S.K.: 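One structure follows; several queries about it will come next.
Every value quoted in this text rests on a predicted model; they were computed, and no experiment measured them. Positions are given from 1 along the sequence.
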Amino acid sequence: MLVLASASPRRKELLGTLVVSFQVLPANIDETPYEQEAPADYVVRMAKEKAQASIHKYQQQAADLQDKAAIFIASDTSVVIDGNILGKPASLDEAKVMLRQLSGRSHQVLTSLCISNLEQDHLVAKCVSSDVCFRDISDVEIEHYWRSGEPQDKAGSYAIQGLGAVFVRSMSGSYSAIVGLPLFETSQILSQFGIHSLEVLSP
């Protein structure tokens, strides 16, 4: 049994390309960065805490609903520029601030991955870094983009898999990680837990 500790439809879709069957069991955590916490440390901590919170929630279920061999997978994505983490915008003004920072420049997208068994005595965590370069973006474009509804729940105020792709001049690294789940690393780590994607997907 594989359990995805995320409510993100993007992560659910990506994980579905590797495995046929899994449960979704997100749990709320405090996502506030620590003072002077490095972005890479932050995203890894978030993935670990999401996995741990999901495990705790799973353990509260009735015993007959639990699978002692369950494997939990969690991830977190942050957009980073000038060493600062850009979260999800709560307003058009916040989106403007973020997208103006990204306009015409390169930034990093850090995506963490944590996979753990139920007992948490086998836990693997990793951070994947990708670079994205934006073209110049006008304020009018930012306003139009905001009205599309896409930036409002996205780190850094954009989605590379959606309309936000029109801002991307180039990228290097893992496209799936930028979307929300690094498939190469996920497949590699799942194999350490006995889950082999190509075998699982074979007819």
S.K.: Heavy-atom distance under 4.5 Å between the side chains of E31 and Y42, does that happen here?
M.R.: yes
S.K.: What's the separation between atom OG1 in T186 and atom CD1 in I73, rounded to the nearest 0.5 Å?
M.R.: 4.5 Å
S.K.: Taking V109 as the starting point, is it possible to reach L14 by hopping between hydrophobic residues whose side chains are less than 4.5 Å apart?
M.R.: yes
S.K.: Using side-chain contact (heavy atoms from CB on, under 4.5 Å), reason through I81 and Q108 one step at a time and then give a plain yes or no.
M.R.: CA-CA 6 Å; I81 190 163; Q108 289 72 50; 5.9 Å; no
S.K.: What about M171 and V128, same hydrophobic cluster or not, with Ile/Leu/Val/Met/Phe/Trp/Tyr joined at side-chain heavy-atom distances under 4.5 Å?
M.R.: no
S.K.: Could E37 and R45 be called an ion pair, given the rule that one side-chain N must be under 4.0 Å from one carboxylate O?
M.R.: yes
S.K.: Is a side-chain donor or acceptor of E141 paired with a backbone partner of I137 at a separation under 3.5 angstrom?
M.R.: no
S.K.: Between T111 and T77, do the side chains contain an N or O donor and an N or O acceptor separated by less than 3.5 Å?
M.R.: yes
S.K.: With a 4.5 Å limit on heavy-atom distance, are the side chains of K48 and L123 in contact?
M.R.: yes
S.K.: Do I142 and V97 sit in one hydrophobic cluster, given that two such residues count as connected whenever their side-chain heavy atoms are within less than 4.5 Å of each other, even indirectly?
M.R.: no
S.K.: Less than 4.5 Å apart, any side-chain heavy atom of R10 and any of K154?
M.R.: yes
S.K.: Does any non-hydrogen side-chain atom of K126 lie less than 4.5 Å from one of Q188?
M.R.: no
S.K.: I'd like to check I55 versus S116 (side-chain heavy atoms, cut-off strictly below 4.5 Å). Are they in contact?
M.R.: yes
S.K.: NZ of K96: more than 12 outside heavy atoms within 6.0 angstrom?
M.R.: yes
S.K.: Can you confirm whether more than 12 heavy atoms, excluding those of N28, are under 6.0 Å from its CG atom?
M.R.: no
S.K.: If you measure from the Lys or Arg side-chain nitrogens to the Asp or Glu carboxylate oxygens, is any gap between R100 and D136 under 4.0 Å?
M.R.: no
S.K.: Would S174 and S176 count as having a side-chain donor-acceptor pair, cut-off 3.5 Å?
M.R.: yes
S.K.: Below 4.5 Å, heavy atoms only, C-beta onward: do H122 and V124 meet side chain to side chain?
M.R.: yes
S.K.: Would you call R169 and F134 a side-chain contact if the rule is heavy atoms closer than 4.5 Å?
M.R.: no
S.K.: Would V132 end up clustered with L110 when hydrophobic side chains under 4.5 Å apart are linked, directly or stepwise?
M.R.: no
S.K.: Within the structure provided, determine whether Q52 and F72 are in side-chain contact (heavy-atom separation under 4.5 Å).
M.R.: no
S.K.: Within the 3.5 Å criterion, strictly below it, is a donor on E150 or Y145 matched to an acceptor on the partner's side chain?
M.R.: yes
S.K.: Determine whether Y158 and L86 satisfy the following criterion, side-chain contact (heavy atoms from CB on, under 4.5 Å), listing intermediate values before the conclusion.
M.R.: CA-CA 11 Å; Y158 79 94; L86 302 185; over 6 Å; no
S.K.: For residues D93 and S91, is any side-chain donor paired with an opposing acceptor at under 3.5 Å?
M.R.: no
